[in-house]
Protein chains: 2
Amino acid sequence: MATRRIETMEKNRAALIAAARKAFAEKGYAAASMDDLTAAAGLTRGALYHNFGDKRGLFAAVVSQIDTEMATRAKDIGAREATGWNALLAEAEAYIEMALNPEVRRIVLLDGPAVLGDPSQWPSQDTCLQVTLTAVEQLIAEGVMKPVDPEAAARLLSGAALNAALWIAASEDPPAVLPRAVDTFRHLATGLLADPT
Amino acid sequence: MATRRIETMEKNRAALIAAARKAFAEKGYAAASMDDLTAAAGLTRGALYHNFGDKRGLFAAVVSQIDTEMATRAKDIGAREATGWNALLAEAEAYIEMALNPEVRRIVLLDGPAVLGDPSQWPSQDTCLQVTLTAVEQLIAEGVMKPVDPEAAARLLSGAALNAALWIAASEDPPAVLPRAVDTFRHLATGLLADPT
DNA sequence: ATTTTCACATACGCTGCGTATTTCGATTGA
DNA sequence: TCAATCGAAATACGCAGCGTATGTGAAAAT
């Protein structure tokens, strides 16, 4: 029973994405060679252009995969908290910590915007932002947060968090800097509370 | 009286930076051709590699120029305010508005991090961040702001502001979205006030 | 006046993307 | 079972663009 066509195709797609993820993370988007990358996956550029259209398409697929993983993880961590507000804080802190991963930093934070444009219009929809937005909308509805613009609040919070992550990662001693950033983030976020305690 | 060597060299450097600024803004870093760019400046790639080393070096020079302009403008705007706190807010809002300029957005916000890495370690030192940091340090010393980590606060504030700008610019009706972002930013920032009123 | 310097131009090679064409195994139908 | 078809991936090709090595001519130095 020969392996089915669709099976192998999906396997090849997955292999390409995996190899691309590694190459983009290690060398950056521009320096990642498609020839090397596909060869590492046991394929050629032919498979790549057939499946993803072009280099950018492959990159978008990689970003989408990472974005999904990040959003899932953040949601899980947020779900452990008792209150919606603590969940929002926990999610934001989770993003900061995830951004310490070199893969996330290089692909999503540095190359992502340059290659795909503003995150809010990524093909992957930027699931991370959606998660934050949902949490914010609910907190505003509950009266926990001030009645600010939900989209603006979500953008500002995630922007602050991810930017903090870049700073931490670039610092000499990330583990030492992390708590400073997280602490400051908590203070900042209270500015959006209806009744800061 | 033949034109002096240093004179023409400086003129050429300026011409290259000007042409590069235009090309990088219009086409993005990757798509900007050095041949076209130098020709537009009435020179060849020879001048470029002699003056800036490589494409990245020229880009760094452009970023530095824009960064300086932005910081100067922000400081000016901040200086008009009566209190340090209002100055900080005004500076942040100025950054948001400046980031609506396509040139700033494409070069500094999108391509900058991808090409030069995290802004805090740019050759230009990221003067914008320095301005914010200085303001924050003073406000903490005066007791206006909570005694948080100044560097963290500056990074979070500027990160939130610049990210908001990206969002605004990508939206369909930027002028309408701008006040929503600015308003939310003001609320958020109060989280760092020692005595929120 | 001759030599030296150096800012820039010219010429070259190499890498790497994208496309057009080809191949060959898998699928389908009789 | 075999022939016909399909299409996923391989192969071959062209071209753009970066960086470097070398050349050149005008300003500076002696």
Side-chain angles (χ1 to χ4, degrees), chain A residues 1-63 107 111 114-117 123, chain B residues 1-63 106-107 111 114-116 123:
Chain A
M1 68 127 247
T3 51
R4 311 216 159 230
R5 279 191 122 181
I6 297 180
E7 259 174 40
T8 54
M9 196 176 173
E10 280 174 2
K11 199 183 65 187
N12 285 342
R13 279 182 65 93
L16 283 174
I17 290 180
R21 187 166 166 164
K22 184 169 155 63
F24 287 143
E26 287 175 358
K27 315 188 178 222
Y29 178 79
S33 158
M34 307 303 270
D35 269 320
D36 295 353
L37 183 163
T38 50
L43 296 164
T44 69
R45 289 219 320 285
L48 198 166
Y49 287 96
H50 188 75
N51 278 293
F52 298 99
D54 59 359
K55 187 177 186 177
R56 188 187 151 115
L58 176 59
F59 184 75
V62 170
V63 167
I107 297 177
D111 286 334
V115 178
L116 303 175
Chain B
M1 70 124 246
T3 51
R4 313 226 155 221
R5 281 189 121 182
I6 297 180
E7 259 175 40
T8 54
M9 196 177 172
E10 279 174 4
K11 197 182 65 185
N12 285 341
R13 278 182 64 94
L16 283 174
I17 291 179
R21 185 164 167 165
K22 184 170 156 61
F24 287 143
E26 287 175 358
K27 314 188 178 224
Y29 178 78
S33 158
M34 307 303 271
D35 270 320
D36 295 354
L37 184 163
T38 49
L43 296 163
T44 69
R45 290 219 320 284
L48 198 166
Y49 286 97
H50 188 74
N51 278 292
F52 300 98
D54 59 0
K55 187 177 185 177
R56 188 187 151 116
L58 176 58
F59 183 76
V62 170
V63 167
R106 178 79 249 182
I107 297 177
D111 286 334
V115 178
L116 303 175

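Order of the sequence lines fixes the chain letters, A, B, ..., with proteins taken first and strands second; residue numbering starts at 1 for each chain. Just the heavy atoms: all of them, side chains too, but no hydrogens, waters or symmetry mates, feed the values below.
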So, OP1 or OP2 of C/dA7: does either fall under 4.0 Å of a side-chain N or O from B/Asn12? no

Could you check whether B/Glu26 pairs with B/Lys22 (Lys NZ or Arg NE/NH1/NH2 to Asp/Glu carboxylate O, under 4.0 Å)? yes

B/Glu7 CD to C/dA7 P, straight-line distance once rounded to whole Å: 14 Å

Return the value, rounded to whole Å, for the distance between atom CE of A/Met9 and atom P of C/dG25. 18 Å

Nearest-angstrom distance from the residue atom CG of A/Leu48 to P of D/dA9: 11 Å

Take atom CD1 of B/Ile6 and atom C1' of C/dT5, then tell me their distance rounded to the nearest Å. 13 Å

Contact under 4.0 Å: A/Asn51 side-chain N or O vs D/dA9 OP1/OP2: yes

Within this structure, what is the NZ-to-P distance between A/Lys27 and C/dC17, rounded to whole angstrom? 11 Å

Separation of D/dA9 atom C1' from A/Leu58 atom CG, nearest Å, is 15 Å

About how many Å separate CG of A/Leu43 and CG of A/Asn12, when rounded to the nearest 0.5 Å? 4.5 Å

With a 4.5 Å limit on heavy-atom distance, are the side chains of B/Leu48 and B/Lys55 in contact? no

A/Lys11 NZ to D/dA8 P: how many Å, rounded? 15 Å

Counting only side-chain N and O atoms of B/His50, is one of them less than 4.0 Å from OP1 or OP2 of C/dC8? no

B/Phe24 and B/Asp111, any side-chain heavy atoms less than 4.5 Å apart: no

What closest approach, in Å, do A/Ala61 and A/Ile17 show between heavy atoms, and which atom pair accounts for it? CB-CD1, 4.0 Å

Spell out protein contact along nucleotides 11-25 of chain D as letters: B when the base is contacted, S when just the sugar-phosphate is, - when no protein heavy atom is under 4.0 Å; keep the 5' to 3' order. B-----SBBB-----

Using side-chain heavy atoms (C-beta onward) and a distance below 4.5 Å, is B/Leu116 in contact with B/Arg56? yes

Nearest-Å distance, CZ (B/Phe52) to C1' (C/dC8)? 13 Å

I'd like to check A/Leu37 versus A/Leu58 (side-chain heavy atoms, cut-off strictly below 4.5 Å). Are they in contact? yes

